[in-house]
Amino acid sequence: MTTLLEPLLKSSQIPVQPSSYAAVFKAFTGKSLLKQGQQLHGHMFLRGLRPNAFLAAKMVAMYASSGDITSASTIFHSTRNPSPLLFNSIIRAFSLYKLSSETLHVFVRMRYLCFRGDYFTYPFVLKSVADLGFVRLGECTHGSSMKDGLDFDVYVATSLIDMYVKCGELCDARRLFDEMPVRDVSSWNVLISGYMRDGAIDLARELFDEMPLKNIVSWTTMISGYTQNGLAGEALQLFDEMSREDSEVKPNWVTIMSVLPACGHSSALDKGRMIHNFAQEKGLDSHPSVQTALVGMYAKCGSLANARFCFDRIKPNLRNLVAWNTMITAYASHGHGTEAVRTFECMIQAGVHPDGITFTGLLSGCSHSGLVDIGLRYFDSMNSVYFVEKKHEHYACVIDLLGRAGRLVEAYDLISKMPMQAGASVWGSLLAAGRSHRNLEIAELAAKKLFVLEPENSGNYVLLSNMYAEAGMWEEVDNLRGLLKSQSVKKNPGCSWIEINGKAHLFLGGNKSHAQTARIYSFLEELPEKMKAVGYVPDTSFALHDVSEEEKEHSLTTHSQKLAIAFGILNTSPGTVLRVTKNLRICGDCHAAIKFVSRIYEREIIVRDVNRFHRFRKGCCSCGDYW
DNA sequence: CTAGGGTTAG
């Protein structure tokens with residue numbers, strides 16, 4: 001491009017026609033040639049040429065595409081007779097920079113000057129409206145597009161649907177879609193995405209099945225929609241379907257990035273590895289966002305080493321906030337607090353500014369590793385050093401930090417000093433702390449708040465009930481059970497799953513429907529004796545039943561967690577690492593039992609519960625019994 | 001010119 005500029009600057013017959021300049025500005029647009037553009041601008045200025053509206057439009061486009069929105073804005077504002085083209089250029093520029101209110105401001109002025117919007121104007125204006133989420137404004141814009149006779153233009157109508165979707169007006173979006181005379185793949189995609197974001201999975205699926213032509217975005221929208229609605233299985237199924245050889249669409253990097261969290265969610269390590277290999281083969285693994293998604297996938301599948309490996313493969317200058325956050329959270333969930341802290345400091349060194357998510361990761365990392373004072377210091381520095389607002393979730397982390405360490409009074413004190421109303425996560429942390437430090441008074445206090453805040457959460461009743469049971473307070477246990485019934489709380493059934501050779505095997509507590517039930521149960525029946533021989537004492541306080549000690553012990557042996565581990569030991573060769581995932585928090589008895597199992601059978605067992613990872617080796621757990 | 005996106009405590 002410089003070749004275009006040099007002769008122009010040196011030539012004795014320097015162009016005087018604004019249109020010549022305009023042509024060169026246009027040539028510079030979209031090629032990050034800011035320096036050359038500025039040079040040309042300066043040259044023009046020295047020649048005393050004031051840009052007309054047409055030239056200004058080209059300059060705006062050049063500056064906007066080169067990252068200098070300020071200059072673009074200045075040029076727009078200093079042009080005296082703006083044309084519709086100039087308005088379109090600046091509207092496009094502001095909208096791309098997410099300067100939504102500026103976009104609308106300019107659009108209003110454009111209307112005031114009685115210029116018609118065209119199909120280059122409305123999509124950008126509507127995008128800004130969508131970003132702001134102002135339905136009323138959207139309706140006005142809709143009306144305006146009708147007046148200009150463009151409301152059924154494919155682009156404009158699709159943008160209108162997207163706007164209604166993003167403002168939460170799904171019905172209006174649907175009506176418009178149904179009325180459209182001509183639809184585009186994008187029109188379908190916009191609505192599908194809207195339904196998915198609204199959790200209307202079935203409606204999304206219906207449209208997807210119905211649409212005449214699907215492109216890669218349609219497929220990816222469905223996959224990420226399933227993932228975000230917690231339907232990992234459906235996401236993976238759809239991914240497989242579209243990856244078949246005869247499929248007319250091919251996954252791209254966005255698809256890969258969208259499907260990886262589904263592997264993470266279901267702890268499908270083998271599946272995740274397969275997708276990683278697939279991405280490598282197709283050259284789709286070089287994008288930093290894909291690499292970040294890989295870090296998250298490996299971390300959630302229990303493979304911290306692979307997570308770190310993928311993180312290191314991201315080019316240092318491309319490690320953005322999300323990448324750092326993912327790595328910090330990975331260490332935190334695996335109980336590697338010191339590493340989380342070290343990673344945080346590296347991030348600061350690298351000049352990346354932390355956000356709220358960084359601190360939830362960092363603080364929970366400190367919490368899981370007992371780094372109480374370090375955590376408290378970071379909490380204090382959030383506002384003052386890093387200018388990150390302390391939000392409710394950060395208080396929840398710090399209450400957890402103090403609570404785990406047994407500093408219950410301080411934790412309670414902090415709750416009373418919170419600048420906002422303490423919610424369920426804060427009281428939940430306190431309840432857990434009361435439980436693990438056997439402080440019935442604190443636990444009762446927290447539980448009472450929780451019964452009001454989230455009456456449907458069975459976990460709270462179970463936790464308190466277990467504490468009553470442990471203290472032999474059977475009357476209170478009965479009362480709680482009554483309360484549980486009257487509130488018609490559904491007990492969230494515990495389940496665990498293990499992946500063997502790429503296939504997931506799911507176990508429910510006490511369930512006997514698995515094909516190998518007999519083997520599993522006989523394995524588990526022999527287990528207590530073996531464990532008792534090396535010093536195990538069952539902790540029956542984790543069984544929520546007012547029954548004899550013997551029976552309690554039995555129901556413990558069939559916790560889903562133990563079924564999955566028994567199945568794993570029976571179906572893998574000696575020495576294979578077992579990875580088990582549980583939908584609830586791991587119970588104390590299972591935790592103790594797995595420690596023994598890891599020793600007796602010489603296995604490394606990695607357990608992921610709702611909160612974190614436990615890595616059992618040689619009779620010890622990575623959490624140091626601190627969870 | 002419109003559509004799909006990786007990180008969030010307990």
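Per chain, numbering begins at 1; letters A, B, ... match sequence-line order. Keep in mind that what you see is a predicted model, and the values were worked out from it rather than measured.
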Whether A/Y412 and A/W427 hold their rings parallel, tilted or perpendicular, with breakpoints at 30° and 60°: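 Ring orientation, 0 to 90° scale: tilted.
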
Mutual orientation of the aromatic rings belonging to A/F107 and A/Y122 [parallel < 30°, tilted 30-60°, perpendicular > 60°]: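 If you compare the ring of A/F107 with that of A/Y122, the planes turn out perpendicular.
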
Between [N] and [X], is there an OP1 or OP2 to side-chain N/O distance shorter than 4.0 Å?
| X | N | answer |
| --- | --- | --- |
| A/T326 | B/dG6 | no |
| A/K391 | B/dA9 | no |
| A/H392 | B/dT8 | no |
| A/Q228 | B/dG4 | no |
| A/S258 | B/dG5 | no |
| A/R612 | B/dA9 | no |
| A/K166 | B/dT2 | no |

Donor-acceptor pair (no angle test) under 3.5 Å: A/N252 side chain, B/dG4 base: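 Check passes, donor-acceptor contact within cut-off.
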
Could you check whether [X] gets within reach of a base, just the sugar-phosphate, or nothing at all, counting any heavy atom under 4.0 Å?
| X | result |
| --- | --- |
| A/R183 | nothing |
| A/D355 | nothing |
| A/I216 | base |
| A/W253 | base |
| A/V254 | base |
| A/N215 | base |
| A/T329 | sugar-phosphate |
| A/N460 | nothing |
| A/F124 | sugar-phosphate |
| A/T292 | base |
| A/S364 | sugar-phosphate |

Nearest whole Å is fine: how far is [N] [atom2] from [X] [atom1]?
| X | N | atom1 | atom2 | answer |
| --- | --- | --- | --- | --- |
| A/I399 | B/dA9 | CD1 | P | 17 Å |
| A/M420 | B/dA9 | CE | C1' | 13 Å |
| A/L238 | B/dG4 | CG | P | 17 Å |
| A/L402 | B/dG10 | CG | P | 13 Å |

Whether over 12 other heavy atoms sit under 6.0 Å from A/Y386 OH: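 Atom OH in A/Y386 is crowded, with more than 12 foreign heavy atoms closer than 6.0 Å.
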
A/Y226 versus A/R205, side-chain donor and acceptor atoms under 3.5 Å: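 Looking only at side-chain atoms, A/Y226 and A/R205 do form a donor-acceptor pair, the distance falling under 3.5 Å.
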
A/S186, nearest nucleotide to its side chain (from B/dT2, B/dG5, B/dC1):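 Of the candidates, B/dT2 comes closest.
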
Nearest heavy-atom neighbours spanning A/K58 and A/T29: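 Minimum heavy-atom contact is O-OG1, 4.1 Å.
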
Ring centres under 6.0 angstrom apart (A/F344, A/W324):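 No - the distance between ring centres of A/F344 and A/W324 does not fall below the 6.0 Å cut-off.
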
